[in-house]
Amino acid sequence: MKFINDCDSVLNNEINSEIMKFDRNSFFNNIEELPVLQNKVEMNSKTDLVIIGTGMVGITLAARAWHLGFKGDRITLIDGNEYFAENFFRRTKNSEQKIMRSSFIHHVAPNEDINLADFTRLKHNELTNIEKEQLTLARMGERSLPSLDIFLEHVKHVVINHNLHKRAFKFSADSIEQNTTGKWIISDSEGQKIESKYVVLAMGQSPKENMYKEHSINAHVDNFKNYLNEKIKTVNIIGGGNTSAHIVKSCLDRNLKVNWIIRNEENYACTDIPHKYWRDEGYLKFSQMTLDKRMEEIKRIYKGSAMLEHKGIFDDYKKDNALTVFDNATIQEIDKNKTIILQNKTRVESDLIISTIGFELKKLPQIKNGINTFNGFPVLNDSTLEAEGLKNLFIASSHSALSLGPAAKNIDGARIASERIFKELAKREGIEKYNVKNILENLTNWSRNTPVLKK
């Protein structure tokens, strides 16, 4: 078992598992209240900037663009989902996650707007004592975990206050093509098109196909609670990541016996990405690697882990024999009776199997002009995230990992992507009145905006 407590804490505070146990009513239980994407029939056929994707990365990019003048008819967001950040909401709601794994400093708002910690202070009277403790730690620059519902309210605040909900449409991009005038034409499967000078792809990840779908449910898509009844006493949960850990806890809290089956070693970590990849030391080292080495590093880092706060809770359940962990385990087969047979011939019986195997890059729209890739990742300009040889087509989120590093898939990666992309767009648009140097170049340390490139 691994316990990686590399949280950059000066105070070296003890890990407090109590934060995982608090409860409070919130709008998060009503996904219908979140901002809804508009019908595509209301969408203009021409604009200056299209952002494909309305998840956390798309929201971060669009809010940054707003401060550079891309607002109103100048910007359009498109996505095949019904709501903003729908995949994130569904996944966290289905797993009954209540606490963000990332700290208060990781949020979707541009630096000009109210940050997550200050937004939380406005709700101080509504907070539990442990939430107030976390907020105090945030103000001290220490590792601090915001509650999920307030994080989501902050996201909603950013969407509405930048009028993104009025510029976002349910439109599934099927193909992208640059015409002879240099404009990008985005089309859906029904033939509707939108023309734009700039396009930013922010499409993120999608759940991997459930290889055990005949005998299990996919918790990234289905709500496991819908499958629980009085006959379910023992649950097998496959996967060692954060979503899996939250579901393990939820089942244990319901007095179910849980067998937790993990392909790699049982792992608890401060974050899913080492902290150095949010700082100069990580970006600088990564930017000097060859593409082969970058790919190796991404694969090494992208392995699932639970939160540090899970460990104390799980240790107690292990003592009560309510939780059994099978790590470094390879599944050989699953029979019709919900029994998992491991490669070492161990039989793990259950009444229900829940799979949380993880995510993969979402399939990009067909880019008719062609796009250079390396091991499935687009090859980009490290400084601008512009696709190689495709002017004014930029790529953020998980697909930009070859340039941004492992943090590309996280919220902080979205902020870094917006800094690099919109620094370049501001130059191309000649935006002087927004004082580009102060807004963009001084947001972070130099290597985040101007990485050292190695040919």
Worksheet item: Do His220 and Phe359 make the cut of ring centroids closer than 6.0 angstrom?
Response: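 Yes, the ring of His220 comes within the 6.0 Å limit of the ring of Phe359, centre to centre.
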
Discussion item. Lys170: which residues meet the salt bridge (Lys or Arg N to Asp or Glu O under 4.0 Å) condition with it, sequence neighbours left out?
Written reply: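 Applying salt bridge (Lys or Arg N to Asp or Glu O under 4.0 Å) to Lys170 gives Glu82.
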
Salt bridge [X]-[Y], side-chain N to carboxylate O under 4.0 Å:
X	Y	answer
Asp253	Lys249	yes
Arg294	Glu297	no
Lys197	Glu429	yes
Arg428	Glu424	yes

Closest heavy-atom pair and its distance - [X], [Y]:
X	Y	result
Thr92	Phe88	OG1-O, 2.8 Å
Phe374	Leu291	CE2-O, 3.6 Å
Phe151	His106	CE1-O, 3.8 Å
Gly413	Leu404	O-CD1, 3.6 Å
Ala117	Leu135	O-CD1, 3.5 Å
Trp260	Ala306	CH2-CB, 4.3 Å

Discussion item. Quick check on side chain to side chain contact (heavy atoms under 4.5 Å, CB included): which of Ile59, Val57, Leu61 does Ile51 satisfy it with?
Written reply: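 Looking at Ile59, Val57, Leu61, the match for Ile51 under the side chain to side chain contact (heavy atoms under 4.5 Å, CB included) is Leu61.
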
Practice prompt. Among Thr120, Ile99, Ile150, find the one that has a side chain to side chain contact (heavy atoms under 4.5 Å, CB included) with Glu131.
Written response: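 Answer to the side chain to side chain contact (heavy atoms under 4.5 Å, CB included) test with Glu131 among Thr120, Ile99, Ile150: Ile150.
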
Donor-acceptor pair, distance only, cut-off 3.5 Å: does the side chain of [X] make one with the backbone of [Y]?
X	Y	result
His154	Ile114	yes
Asn381	Ser383	yes
Asp320	Ala322	no
Ser95	His246	no
Glu386	Asn392	yes
Thr356	Ile238	yes

Please examine the side chains of [Y] and [X], heavy atoms only from C-beta on, and report whether any two atoms are closer than 4.5 Å.
X	Y	answer
Leu77	Phe84	yes
Asn226	Phe224	no
Val379	Thr373	no
His399	Leu201	no
Ile411	Met100	yes
Ser350	Ile353	yes
Ile354	Ser216	no
Pro365	Asp174	no

Fill in: Intermediate values then yes/no, side chain to side chain donor-acceptor pair (under 3.5 Å), Ser305 and Arg101
CA-CA 11 Å; Ser305 62; Arg101 186 175 194 172; 2.7 Å; yes

[X]-[Y] side chain donor-acceptor pair, cut-off 3.5 Å:
X	Y	answer
Asn223	Arg90	no
Asp382	Ser403	yes
Glu266	Tyr268	yes
Ser147	Asp149	yes
Asn328	Arg263	no

Worksheet item: Is it the case that more than 12 heavy atoms not belonging to Lys285 sit under 6.0 Å from its NZ atom?
Response: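 No, NZ of Lys285 has 12 or fewer neighbouring heavy atoms, counting only those of other groups under 6.0 Å.
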
Practice prompt. Verify the neighbour count for atom NZ of Lys2: are there more than 12 heavy atoms of other residues, nucleotides or ligands below 6.0 Å?
Written response: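 Result for NZ/Lys2: open.
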
First locate atom [atom1] of [X], then atom [atom2] of [Y], and finally report the distance between them rounded to the nearest 0.5 Å.
X	Y	atom1	atom2	answer
Ile357	Ser244	CD1	OG	10.0 Å
Ile273	Asp412	CD1	CG	11.0 Å
Phe3	Leu308	CZ	CG	4.5 Å
Leu37	Thr54	CG	OG1	4.5 Å
Ile371	Gln366	CD1	CD	12.0 Å
Arg300	Lys293	CZ	NZ	12.0 Å

Worksheet item: Would Asn410 and Asp272 satisfy side chain to side chain donor-acceptor pair (under 3.5 Å), going step by step from the backbone distance to the final call?
Response: CA-CA 9 Å; Asn410 293 69; Asp272 59 343; 3.1 Å; yes

Worksheet entry | Evaluation steps, salt bridge (Lys or Arg N to Asp or Glu O under 4.0 Å), between Glu86 and Lys93 | CA-CA 10 Å; Glu86 182 177 316; Lys93 183 175 183 179; over 6 Å; no

Item to complete: Just do the side-chain contact (heavy atoms from CB on, under 4.5 Å) check on Met307 and Met20 with the steps written out, would you?
Response: CA-CA 10 Å; Met307 293 172 62; Met20 307 292 286; 4.1 Å; yes

Discussion item. For Glu126 and Lys132: C-alpha separation, side-chain torsions, deciding distance, then whether salt bridge (Lys or Arg N to Asp or Glu O under 4.0 Å) applies.
Written reply: CA-CA 10 Å; Glu126 303 173 30; Lys132 292 176 182 178; over 6 Å; no

Worksheet item: Which class fits the ring pair Phe70 and Tyr198: parallel under 30°, tilted 30 to 60°, perpendicular over 60°?
Response: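 The arrangement is perpendicular - the two ring planes meet at more than 60°.
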
Discussion item. I'd like to know whether Glu133 forms a salt bridge (Lys or Arg N to Asp or Glu O under 4.0 Å) with Arg143, so could you lay out the CA-CA distance, the side-chain angles of the two residues, the decisive distance to 0.1 Å, and finally the verdict.
Written reply: CA-CA 11 Å; Glu133 291 174 6; Arg143 175 179 182 259; over 6 Å; no

Worksheet item: If you draw the axis of the six-membered ring of Tyr302, does the NZ or CZ of Lys409 fall within 45° of it and under 6.0 Å from the ring centre?
Response: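 Positive - Lys409 is close enough to the ring of Tyr302 and near enough to its axis.
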
Table please: side-chain donor-acceptor pairs of residues 160-169 below 3.5 Å, with sequence neighbours left out.
from	atom 1	to	atom 2	distance (Å)
Asn161	ND2	His157	O	2.8
Asn161	ND2	His157	ND1	3.0
His162	ND1	Val158	O	2.8
His162	NE2	His67	NE2	3.3
His162	NE2	Asp113	OD2	2.7
Arg167	NE	Gly72	O	2.7
Arg167	NE	Ile75	O	2.9
Arg167	NH2	Ile75	O	3.2
Arg167	NH2	Thr76	OG1	3.3

Item to complete: Starting from the C-alpha separation in whole Å, work towards a yes-or-no answer on side-chain contact (heavy atoms from CB on, under 4.5 Å) for Ile4 and Asn267.
Response: CA-CA 8 Å; Ile4 306 172; Asn267 187 14; 3.7 Å; yes

